[in-house]
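Encoded as structure tokens, the structure appears first; notes follow it.
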Amino acid sequence: MKKKKILSMLCAGLITLSVSFNAEAINPSDSSGFVILSDVVPDIIQEIRYHSTYNFVGERIDGYEEPCAIMTKEAANALKKVSDELIEKGYRLKIYDAYRPQKAVDNFVRWAANTGDKKMKKYFYPKVDKKNLFSEGYIDEKSGHSRGSTVDLTLFDMKTGKEVDMGGTFDYFGELSHPDYKGNLTKQQLKNRKILRDAMIRHGFKPLATEWWHFTLKNEPYPDTYFTFAVNSKINK
């Protein structure tokens, strides 16, 4: 019995060492587990906000070298299923952001600490005091986007040629962005949010309680790694 117990404990130790080694072996600058999203989901529409100046900072964000969406292979394949389902209903997916390098998150943190810079306040956070962005959870030093399996998106109606009315804009800081916010939203706006939410959940994504546009793959492949490589079309080349 003693030998069996020792062997059991040794095996458990070896398993622990193996798991730790594999976790440490992931290089945050290695993009080999990622793909250009449009290569997997060619029907998406892209408006990568952090490559532009139309975002809550008001400047192009560090690390966004090209306006392209990047995701882990697993998340991209799951999103392809979402896209295929919604195309049959007359919609296409419009992507605002996907993988976000850590240097971009660092850019957000520096901006939030500069309470005097409020040039985009009236567009994205009119009801929030900038000094409270950290305490109220709008800005953090880490983002799930940097793990590569989170996406910010909306629906595009192929009949009207316009974005679907979700009753609020992407990256608006406030309760209006909560998926189930009732307030002054119409039944159609709530229905539109539900169409997107339900399709994402059906294909393995989990929603965020504070942002109707934000979803993360439940079984994300890199749950503890925050990647640092830049956003551009040259990954893995």
Side-chain angles (χ1 to χ4, degrees), residues 44-64 67 69 82 86 91-100 104-146 150-157 160 162-201 205-216 231:
I44 60 169
I45 298 168
Q46 300 185 67
E47 185 183 331
I48 308 303
R49 288 284 185 87
Y50 301 138
H51 184 265
S52 74
T53 60
Y54 183 52
N55 55 60
F56 60 83
V57 175
E59 300 175 0
R60 181 179 294 178
I61 305 304
D62 292 351
Y64 284 83
V82 177
L86 291 174
Y91 302 107
R92 288 171 69 178
L93 299 177
K94 184 171 184 178
I95 311 298
Y96 294 124
D97 193 34
Y99 162 68
R100 182 184 306 165
V105 180
D106 296 341
N107 192 161
F108 292 161
V109 171
R110 291 194 305 273
W111 166 82
N114 179 10
T115 56
D117 181 356
K118 300 178 182 179
K119 59 178 173 286
M120 301 301 283
K121 179 176 174 61
K122 67 178 179 179
Y123 305 107
F124 293 98
Y125 53 105
K127 298 181 180 181
V128 179
D129 192 322
K130 190 177 180 182
K131 68 181 181 181
N132 296 328
L133 291 181
F134 286 105
S135 62
E136 295 185 20
Y138 294 109
I139 301 292
D140 203 348
E141 294 182 353
K142 295 289 184 181
S143 169
H145 281 274
S146 300
T150 293
V151 63
D152 294 335
L153 76 175
T154 190
L155 297 177
F156 186 92
D157 191 327
T160 64
K162 299 178 180 180
E163 287 183 26
V164 170
D165 183 3
M166 295 293 190
T169 186
F170 163 66
D171 257 359
Y172 180 85
F173 297 172
E175 290 185 5
L176 177 64
S177 295
H178 295 189
D180 57 355
Y181 174 77
K182 298 304 186 289
N184 59 349
L185 294 184
T186 66
K187 290 183 179 179
Q188 186 61 52
Q189 290 167 338
L190 288 170
K191 180 181 178 180
N192 292 339
R193 292 186 179 194
K194 190 173 187 300
I195 291 172
L196 175 62
R197 181 187 179 97
D198 288 352
M200 295 295 285
I201 291 174
F205 289 88
K206 57 185 178 182
L208 186 66
T210 54
E211 298 174 353
W212 59 259
W213 57 81
H214 179 115
F215 297 88
T216 299
V231 173

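Under a cutoff of 6.0 Å and an axis angle of 45°, Lys94 and Trp213 do not form a cation-pi pair.
Distance check, rounded to the nearest 0.5 Å: NZ of Lys206 to CZ of Phe215 gives 13.0 Å. Here CG of Leu196 is found 9.0 Å from CG of Asp198. Values are rounded to the nearest 0.5 Å. Taking CZ from Phe173 and NZ from Lys127, the interatomic distance works out to 15.0 Å, rounded to the nearest 0.5 Å.
Residues Tyr54 and Phe124 place their aromatic rings such that the two centres sit under 6.0 Å apart. For Phe108 and Tyr50, the gap between ring centers is short of 6.0 Å. Ring to ring, Phe56 and Trp111 are close: their centroids are under 6.0 angstrom apart.
By the 4.0 Å N-to-carboxylate-O rule, Asp62 lies close enough to Arg110 to be salt-bridged with it. A salt bridge links Glu59 and Lys119; the closest N-O separation between the charged side-chain nitrogens and carboxylate oxygens is under 4.0 Å. Between Asp165 and Lys191, none of the side-chain N atoms (NZ, or NE/NH1/NH2) sits under 4.0 Å from a carboxylate O, so this pair counts as no salt bridge.
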_Show, in sequence, the C-alpha distance, side-chain angles and deciding distance for Ile45 and Leu93, and conclude whether the side chain to side chain contact (heavy atoms under 4.5 Å, CB included) test is met._
CA-CA 6 Å; Ile45 298 168; Leu93 299 177; over 6 Å; no
_Set out, in order, the CA-CA distance, both residues' side-chain angles and the distance that settles side chain to side chain contact (heavy atoms under 4.5 Å, CB included) for Thr154 and Tyr96, then state yes or no._
CA-CA 8 Å; Thr154 190; Tyr96 294 124; 3.4 Å; yes
*Go through Asp157 and Lys162 one step at a time and tell me if the side chain to side chain contact (heavy atoms under 4.5 Å, CB included) criterion holds.*
CA-CA 6 Å; Asp157 191 327; Lys162 299 178 180 180; 5.8 Å; no
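A 4.5 Å side-chain heavy-atom check between Tyr99 and Val231 finds at least one atom pair inside the cut-off. Residues Pro179 and Arg197 are in side-chain contact: their nearest non-hydrogen atoms beyond the backbone lie under 4.5 Å apart. You'll find the side chain of Leu133 reaches within 4.5 Å of the side chain of Val128, heavy atoms only. Side-chain contact between Val151 and Asp97: absent, with no pair of heavy atoms (C-beta onward) separated by less than 4.5 Å. Side-chain contact between Pro126 and Tyr172: present, with at least one pair of heavy atoms (C-beta onward) separated by less than 4.5 Å. Annotation: side chain of Leu176 is in contact with side chain of Leu185 (closest heavy-atom distance under 4.5 Å). Two residues are said to be in side-chain contact when any heavy atoms from C-beta on lie closer than 4.5 Å; Arg100 and Val105 meet this criterion. Under the 4.5 Å side-chain criterion, counting only non-hydrogen atoms from C-beta, Leu190 is not in contact with Lys187.
In this structure, the side chain of Glu211 does not engage the main chain of Leu208 through any donor-acceptor pair within 3.5 Å. Between the side chain of Asp140 and the backbone N or O of Gly137, no donor-acceptor pair lies under 3.5 Å. In this structure a side-chain-to-backbone donor-acceptor pair under 3.5 Å is present from Lys130 to Asp117. At least one donor-acceptor pair under 3.5 Å links the side chain of Lys182 to the backbone N or O of Asp180. With Arg193 contributing its side chain and Met166 its backbone, the two residues share a donor-acceptor pair below 3.5 Å.
Heavy atoms from other residues, nucleotides or ligands lying under 6.0 Å from OH of Tyr123 number 12 at most. Within a 6.0 Å sphere centred on NZ of Lys194, heavy atoms belonging to other residues, nucleotides or ligands number 12 at most. Taking a 6.0 Å sphere around CD of Glu141, one finds it holds 12 or fewer heavy atoms contributed by other residues, nucleotides or ligands.
Paired with Phe205 under the rule side chain to side chain contact (heavy atoms under 4.5 Å, CB included), one option of Thr150, Val82, Thr216 passes, and it is Val82. Just one residue in the list Asn55, Asn107, Ile48 forms a side chain to side chain contact (heavy atoms under 4.5 Å, CB included) with Tyr64, and that residue is Ile48. The side chain to side chain contact (heavy atoms under 4.5 Å, CB included) test with Pro67 singles out one residue from His51, Gln46, Arg60, and that residue is His51.
Ring pair His145/His214 is perpendicular by interplanar angle, where above 60° counts as perpendicular and below 30° as parallel.
Counted by atom type alone, Asn132 and Tyr125 present zero donor-acceptor pairs between their side chains at under 3.5 Å. Side-chain N/O atoms of Tyr91 and Asn192 include no donor and acceptor closer than 3.5 Å.
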